[in-house]
Amino acid sequence: MDQPQNRVFSGVQPTGNLHLGNYLGAIRNFVGLQDTHECIYCVVDMHAITVWQDPKELAANTREVAAAYIAAGIDPERHIVFNQSKVAAHAELAWILNCVARIGWLNRMTQFKDKAGKDREKASVGLYAYPVLMAADILVYRATHVPVGEDQKQHLELARDTAQKFNNDFGAEGFFPLPEPLIMGPATRVMSLRDGTKKMSKSDPSDLSRITMRDSADDISKKIRKAQTDPDPLPETVEGLEGRAGADNLVGIYAALAGKSKAEVLAEFAGAQFSVFKPALADLAVEKLSPITNEMKRLMDDKAYLDAVLERGAARARAIADPVIARVREFVGFI
Ligand code: AQP
């Protein structure tokens, strides 16, 4: 079986409130890889149900992520866009890898600790095993590269460890590649607008903490105006942002949206008060996000088109995954 050299796999959960962090940390980078890589972009609905999802909302949110991918510039004709639950090989490989990965590895995963919180006993088994399903998602396509935000780095390491152990245990040297994370750009970790020390996230109870991909121009301006900062003007150097989490976050967002480095942004705005910088950031965010938001809305009204994209993508995904899973069954000794 030939090993592809440049195959990208990544996914986003359809859990609603798709935000600027998902866009800058992941989706925008997905777009940029299309000319150099063979890309498989998944709406990971099986990951979403590791915490309770209303079934009707899950369906709508699945279409929303597909619409965001396409509106942001992913071409579903050249590359593969589909939702995970349509391709059974993800679940099948996840079970086998559950028997390869070790409990000690999962016990170290900080995302589970964060998401399960104090009530760990009541978290679903799926939430705990989530990183193994993620390993299966990647390995079932023998993907070589995985563009993700910073928060997913630890899960990627677990995927690499799992691939390596499978290859060793079953005498399958080189069968699963060790996937490389691609953590790209100045916004690999966009922080909450209300608390610059916390990641911007879909589940934050405060809507003011995030800019979503559905926000109107007014919403975006309002949220940036209310973003937490400090009374000092912007510094001249990146070092000057140390200990100023809110300011650092806004400069990082500006840099990512403008396609500049933080140093370049500071060269432009050094000494500026937030009363000057925030409106400039709001204008830039509206300029970059509004065309995507409008296209997303248009696509969301065309349910038949989105469903057809996902169906076709799933058929193409199965064509890659099925021979891999067939070979895995042989390695394991299933007849
Ligand atoms: N704040 C962020 N900054 C940069 N990248 C981010 N990503 C998520 N948040 C940020 C990246 O977006 C991709 C998809 O994430 P996901 O939807 O699969 O899951 P998540 O990381 O759990 O997303 P959230 O928004 O943080 O959801 P909740 O609130 O449920 O925890 C990934 O590549 C991720 O790195």
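Position 1 is the first residue of the sequence; numbering continues from there. From a predicted model like this one, the values you see are computed outputs, not experimental measurements. In listed order, ligands and their atoms are each counted from 1.
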Run down the list I183, N29, V190, L182 and name the one with the heavy atom closest to atom 3 (N) of ligand 1.
-> V190
Please check if the distance between the ring centroids of F9 and Y41 is under 6.0 Å.
-> no
Non-hydrogen atoms of H47 versus ligand 1: any pair closer than 4.0 Å?
-> no
How does M191 reach ligand 1, by side chain, by backbone, by both or by neither, if only non-hydrogen atoms under 4.0 Å count?
-> neither
Are any side-chain N or O atoms of R102 and backbone N or O atoms of V100, one a donor and one an acceptor, separated by less than 3.5 Å?
-> yes
Hey, are R210 and D215 close enough for a salt bridge, meaning a charged N less than 4.0 Å from a carboxylate O?
-> no
Do me a favour and list the nearest non-hydrogen protein atom to atom 23 (O) of ligand 1 with residue, atom name and distance?
-> K202 NZ, 3.7 Å
Under 3.5 Å side-chain donor-acceptor pair for Q34 and D75 = no
With K199 as partner, the option from D151, D204, D114 fulfilling side-chain hydrogen bond (donor to acceptor under 3.5 Å, both in side chains) is D151
Check: of N17, T188, N249, I27, min heavy-atom distance to atom 4 (C) of ligand 1 comes from T188
Ignoring hydrogens and geometry, is there a side-chain-to-backbone donor-acceptor pair from T188 to M184 under 3.5 Å?
-> no
Does ligand 1 have any atom that is closer than 4.0 Å to a heavy atom of T15?
-> no
Identity and separation of the nearest protein heavy atom to atom 26 (O) of ligand 1 = K199 NZ, 2.5 Å
Contact with ligand 1 for H19, non-hydrogen, under 4.0 angstrom = yes
